[in-house]
Amino acid sequence: MKKKLTALLTAAATAMTLAGCTVDRGGSSAGGGAGGGKQTFGRNVQLFDAHKKTHEAMKGKRIAFVPILYKGYNLTLNWGSTMERAFGNLGADFRVYDPNFDTDKMVKIINDLVARRAVDVLILHNPDVGVLTKQIDAAERAGIHTVVVNMVSSRLGDAFIGVDSVHAAEDITRRAVQDCEKRGAPKRMAIIDGPGNDAASLMWSKGVHHVLDPAGYEVVTTAHTQWQNALAQQAAASITQQQKNNICAYMVAYDLNAIAVGDAVADAAERGVIRPDSIGVYTMAADTRWCDALRAGKVTASAAYDVQGVGEAAVVTAQQLVQGGAPAGSTHTVAYVSHTVVDRSNVDDTTIACYKGR
Amino acid sequence: MGVAAVDARPDLSPRDRLARVEQGFFVLGITALLCLAGAVTTDGFLTGGNVENLLRLSAAFGILAVGEAVVILAKGIDLSVAGVALGCAQATLAFMADGMSEWQAIALLAGVALVVGVVNGILVAYLEVPALFATLATGLLTIGGIDILLLDQNFYSLPASSAISELSSGSVLGVPRAIFVAGAVFVLAWLFVSYTVAGRLTRAMGDNFDTARSSGAPVRPLQVLGYVVSALLALLAGYMTVSVQGSVQTTVTSFDPLLFTALTVTVIGGVSLSGGRGTILGVLAGALFVGVLNNLLILRGLSSPLQDLVRGGVLIAAIALDAWLHPRDEETARSDEL
Amino acid sequence: MNRTLAVIREWINPDWARHRTVPPMEAGLRPNRRLDEAHVLLPAEAYTPDDLVLTESGTVMFSSEESIFELRGDEVRVVAALGGKVGVLVPSGSGVVAAVEGVGLVSVGASGETEELCADRAVSSCVTDAARLPDGSLLVTIGSSHESPGGWARALLRGDRSGRIVRVDGPRVRIEAEGLGWPAGIEVASDTDVLVSLSCDHRIERRMTASLGKPSARLAANLPVYPGRIAATDDGWWFVAPYPRNRFTELLLDEPQLASEMMRTIAPEDWFVPRLRCTTPYTDTLQMGQLRVLGVIKPWAPARSYGLAFRLDGSGRVAESLHSRVDGERHGITGVAVRGGRVVVAAQGYRNLLQPQVANEKAVTQ
Amino acid sequence: MKTKAFSREIDAFPLTGGSRRDRLAPFRTLSELFGQRWMEGAVPLGLAVLLSVLVTATTPVGPGDAPLILDEATEKGLLAIGLTVVLVGGGIDLSIGSIVGLASLGAMVASRAWNWPMALVVPAAILAGSALGAVNGFLIARVNMRPFITTLVTLVAFGGAAAALQSAYSFQLGVPEQDIVWDFLGAGAVAGVPTGWVVFAVVLIVVHVGLTRSRWGWWIAAVGSDRRSARRNGIPVARVVFCTYVLSGALAGTAGLLTAARLGRTDPDVGQGWELVALTAVVLGGVSLKGGRGSVLRATVGIVVVQVIQQGTIATGAEGSSYTVILAAALLLFAVLDLKWGKYRQRTAEKLRIDPGRITLGPLVDVTEPGTVWTVNDRLTDASPIGLGKIEGAEDCAVDREGNMYCGDRRGWVWRFAGPDDTEGEIFARTGGLPLGHAWDHERRLLVAVGGMGVYRIHADGEPELVADKVRRSPFSLHDDSGLRAVDDLDVTPDGAIFVSDFSTRTNAAEYMVELVESRPNGRVVRVDPDGSTEVVISHHVFPNGICTAHDGRSILVASTGLCRVDRLWIAGPKQGQLEPVLENLPGHPDNINRSSDGNYWLPFVSMRTPMSDLLTKYPAVRRRMTQEVPLDSWVVPQLNVSCVMKFNDRGEVLGVMWDATLRNHPMVTAVKEHAGHLYLCGVSNNRVGRLRLESDEVGPIDPASVPGTTTAPSLAVVDR
């Protein structure tokens, strides 16, 4: 037995050395970018000619949108429907691939699309800062334009569109501080965010601390919830139980979690642990369900941002990249959409609040 | 040849004497210690409200653990409980969101849970598929099937007026309804296991399947009964979870913390996976222990990864203790006892 | 098609498979050698007794071929020669009523005078048994409406269910029950019901005399033999079993194509069906168990012909049985008569009358 | 190389009159296939491959996707290999998913945050994996905890550790810088084959060879199949189980390293759900869940099939959780299949073993009809018995010059009766088999065909010596037919070679009734050269029974019991190697042929044909059902209780037939030997050997016992009567 095993090993080793290890640095083929380096429009254009040319540029282009989760998730449904409407009018082939909240699957889908070169523009939605680095590289090598939404990832694709979450956090925290002073509540708050190490949670905490620290407010605890309502609700119930009226507001990073925290606070108030309306719940973004919770008085205010705008901006950027003719990966831009603080008083007349799934 | 008088009882080693003690009391003792440590270190722990909140949170996986214990007593295992609990709860909310009346939705989903229980039973009892794979597969099938067929929302909130939300709010005879329901389930399970024929035969079947079968016990229907009971209790636990949370998210895998917690509660409670051993009191003790542990971890403000680590470490210690108390007899050890 | 279905059902759950099996002879039917040790009443091979009657005067009247004989002591005299093969005999007063093939029911007096009771076509062919009801009328069982009495084998292979029970009251004839599987024996059980033994169904049923068409209760089912004529005694009923059930014949019944070709191409006595006697070993097909090893054929070998008479008590349990096993040759018991503790059986296969020692008498001689 | 006496083997199949289709026995081939050892995992594997073909047919997944599929398959394949080794060792390891996560994140943190050189990161990741595996191993092997619940707990604990590690370093992980080793692992290639694939292939080969052909592998299988007997055999059970978990951890670590290099993912749930995929792959591959059985190759095919399914769901952009549903359904289906297949395979093989064939026989002669040559008489009845009550079933006998009679016995002895009036007899030799055919060779030493053991030569002192019991195995036979077991009759030819008839390559001599019922061409005639080498002379013969060298010494007569015929095989002269019919459509089944002193041949019948048994030869399906459902005692066979002895000459004319009509003394005769005017009648189920005095006109000058052609035997033409 010994003899066979050693013979086997030596054979494998020699095969390795003989073949010589080549390192495939991914080839340097620039890849014939879809745009082909030629601008679609010159300095000026005829009226109807522009319409025809735009359509021609976009006709038959394949565009794929790969969100974290699509089915039943209002945020991505909103974006998806906007893109569908826009690209549908332009005659481009638009498809959504749903990885069902499984990063493993999202990475596979992107790999599959890039390997089969089945798409011209990729609209990506990154769950974490460092997830999509290799994929965006591969897409650029394959000459596919990439537009990233929601969170800035360390590997910048052709363009990033999202919300200026730090600034939004600062606005909503200032609003929370005003409410607390109005009520004369103690200068203590609690933060409830996502996994705690992803960019969204970090920016939210940075924004909150930017306002609270100079104002002398103390952050009691920072509870991490993996964006799960169950964990958010348990954390809120425990903290309320422990602090009782010793804190004046919850700063929740994600609007759906805010509803769960609102329920917990309302429940605690109903059971008499805290005085009713003594603890405010502030969050970012505002979809229809959050607005219902707002009208029901469970939550206080939110820094709503223009979700619809993100979808439109992504469509516009895609068209610019296609018409721009610059090869994929040559330009990188970061752009933010508008946001504003919304509460029960102005929720009905702010257009960008209470976005729906359609 | 006179009859040899067997007088001196074999002197028990401390380990055997410890093993004979009902594991339930043992765990209750440790829980009390944990409470003391908790009260000393974190303020606001021993307040009435916090204990009540702790009990309310641990009611759900307590009920699930009872269902799991009934199956494990019969030397099976049921990994589909999480799938059934969350899947059916989400489906009920989905139906209610589509305007179906609440009781009709609950009845429909109870039917689904029953079917899953019966399918599990048939697979394990009649087709003799290893319980581990059968229930794992049916759990995934349930939650995946419901996700594809019924759910079209990612997030469902529970209308305040519904009976499910009543489940956890308000109180009966001064005791919050959630804890009352959990208590009732524990008592009923205890009566079933200790005083009904089916319960006793389930334990006998778990201890030695062939002897139970040759002594005329209806082993296969009993196994099916065990899985059906486990599925229905999972449904109840699902409703309890949803009513405590007030809403539910549908992006969850079958190895959800709920399943993991229920299994470890059962094992800590002394219900050993080799079947036939353990009591419902032990499961209650296990549930309290894990409830207190979770609450302390949250109150200490540990991040969820750290919580997992600590909970994993504690549970490994508990299982190691159980393995040390009831060592697996090398002589009769069979390799396929997973 | 149903065979592949059966295989699939058996693959899913082995307990669902249904195979024909022959129950073993156990409990009451535990084999013994009582027929082999029975007294022989007639000279060897002289007559082929079909049915017999014990008269009050202690003589034995038995039917053989086309005439009726009377055995008094050890000498035999002809009572009457009738026009056809004589089948069943029923005692009536000092004489008997005989069923003659092709003629009908004939009443024969003690001194031989014959008088035709009923010549209706319904009772003229294939009469297997008859019984006299308390009200004087006769109940006659017809094995099959297409076959002669010797056609039992063809009826079994074809699954012929055209047997009937006919009530004969003087000249009037009424068909009481139809569609039976070769009814081979009938006897009055009590004043309201009768016992019928259905040969092809291996069952013995108790039917109400008023409604004979409807089976009411079964006395014994799934017997290991094809039951035949019945004789009532005070503590139960004696049954004969002319043919034993053979496992391969059961398999043959499942293979219609083979059975029909066998019936077409092979002579009836060579068909693989149970028979009254084994005649020519040279053309007779053997079953592995019947191999003669070191000159001995094992008694428990599968039987092509067997000698068996058994007594059922009131509850249908086999109380007593007389056997002549495969290594014996007193086979083919077709008739039985009991009077005053004396039991006499007619072994048509052995062509003799046998009087087994009754339990007490056997104890004396042992 | 010794030149073969016969240029090629004679195929006696045409004698059965069956078409080419009848040559193939479908059920029996199936039964042999099921019996093979490698069939154990074959059907689940076949269905798994069928499933993947189905997926490729219905979805846009094509060969183009192969690199993508293989990339994923190799990483998860490493997990499947680790899990298979653990399963074979009787445990289970669910924590491999989290070990991948921890190893992957650990490698990235080490290279990017702690800036370790790659030469340190690669071994560190593998060591980390094996360390975590060691934790599992220690808990399960040393502390004796249950593998399932332990690995479930470690799954969550390691998952928590991975998440904690990731959250601590989530900043520095952001910016990957170029590193030659990292790129080589991720996208590099060895001789054109991507690194991942090469690593997987090497691991697969090493583990497969280790598992199947090394002591270490056998130990794992032993512990997996029966823990107690493994322990009692001195196998260090705890150490073996510990090693399996360490190996599984190491492989998971390697997989983590590879996926970190290839995808570079920094999110905490790397490797989540991978253990479920590995489990399904292993079950799909047909690895048994009960331990002790399973091969790494099957697990690999399983993982490829699972990846094809996943690629199918991705390519069609199906619903989010449709992949988990399909995976769960596949896991369930294949778990049930593995169970049922394992249970019923042996039973089906046993049930289909006997597969009766169809043979065509001529019309049946009615022996009871008076006036023909076959008419029943009782010439055998008054043969005087030898060894009555002592002999049990002498199938054949041999008489030497002094008149001593040697005959066989079913208990394996060879009796010797000195002279005609010795009724005592003594046990001359003990062979331990079923001595059937007897013959004398050139030096007048007794040759006996011992059923179940082969051809033996018995020396004067009664010491049996093996002549031959092995034949070259026929080329394409699924089952091993090299043994010479069911030997029945033999005879010696002038050139010293022994021709022996082997009536079945499938059953043993004692189960001759199976051959009678099956009537398939399983038999053969074998030539044993004087130097001991054997070669098959006639193959595919139906129940060849009697062998007798013709008087001219240039041909041998072969009697076929199944086909009721006698054929002549020319072994010398112009027509050497040809088979020509001598007697056909006999009324019974012939047994051992022997020469008579007047230049003719004696031929007894072991059983007579009956109308019913002839009809059954036309219905193989009924006979198969009979062998499966009906007990052995009720099988319908020809009339074995009756037979006769026939005399025929070289041209195939029946000269006379002798019966025992009373069936008392010699109902069944299987062999007849003539010596000094007397006929010795042997019967395989008789308790005596009969000695019949022949009329003077029947006795001729030839000594039947001597091998023709060695003494001055008159030529063929002269002798006929």
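Here is the naming used below: chain letters follow the sequence lines, and residue numbers restart at 1 for every chain. Worth saying up front: this structure is predicted, and the values here are computed from it rather than measured.
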Query - Validation row: R146(D), I319(B) side chains within 4.5 angstrom (heavy atoms) - result: no
Report task. Considering non-hydrogen atoms only, spot the tightest contact between L331(D) and F133(B) and give its length. Result -> CD1-CD2, 4.1 Å
Query raised in the report: Which distance, rounded to the nearest 0.5 Å, do you find between the CZ of F148(D) and the CG of L79(B)?
Result: 4.5 Å
Report summary line: All heavy atoms of A329(D) vs all of L141(B), minimum pair found to be N-CD2, 4.0 Å
**Report entry** Interchain contact, L279(D) with chain B, by part (heavy-atom threshold 4.5 Å)
**Finding:** side chain
Query - Contacting region of V129(B) [heavy-atom separation from chain D under 4.5 Å] - result: both
Query raised in the report: Top residue by heavy-atom pair count (under 4.5 Å) with chain B, among A335(D), G159(D), A161(D)?
Result: A161(D)
Query raised in the report: When rounded to the nearest 0.5 angstrom, what distance separates CG in L263(B) from CD1 in I149(D)?
Result: 4.5 Å
Requested in this report: Would you mind checking which part of L139(D) comes under 4.5 Å of any heavy atom in chain B, side chain (CB onward), backbone (N, CA, C, O), both or neither?
Outcome: side chain
Query raised in the report: With a 4.5 Å limit on heavy-atom distance, are the side chains of L276(D) and L140(B) in contact?
Result: yes
Requested in this report: For V143(D) and A320(B), work out which heavy atoms get closest and say how close.
Outcome: CG1-CB, 4.1 Å
Query raised in the report: Of the backbone (N, CA, C, O) and the side chain (C-beta and beyond), which part of V283(D) lies under 4.5 Å from a heavy atom of chain B, both, or neither?
Result: side chain
Report summary line: Taking every heavy atom of M145(D) against every heavy atom of I316(B), the minimum-distance pair comes out as CE-O, 4.0 Å
Query raised in the report: If you look at every heavy atom in S322(D) and I148(B), which pair is closest and at what distance?
Result: CA-CD1, 3.4 Å
Query raised in the report: If every non-hydrogen atom of L309(B) is compared with every non-hydrogen atom of A157(D), which pair is closest and at what distance?
Result: CD2-O, 3.8 Å
**Report entry** Side chain proximity check, V153(D) to F260(B), heavy atoms < 4.5 angstrom
**Finding:** yes
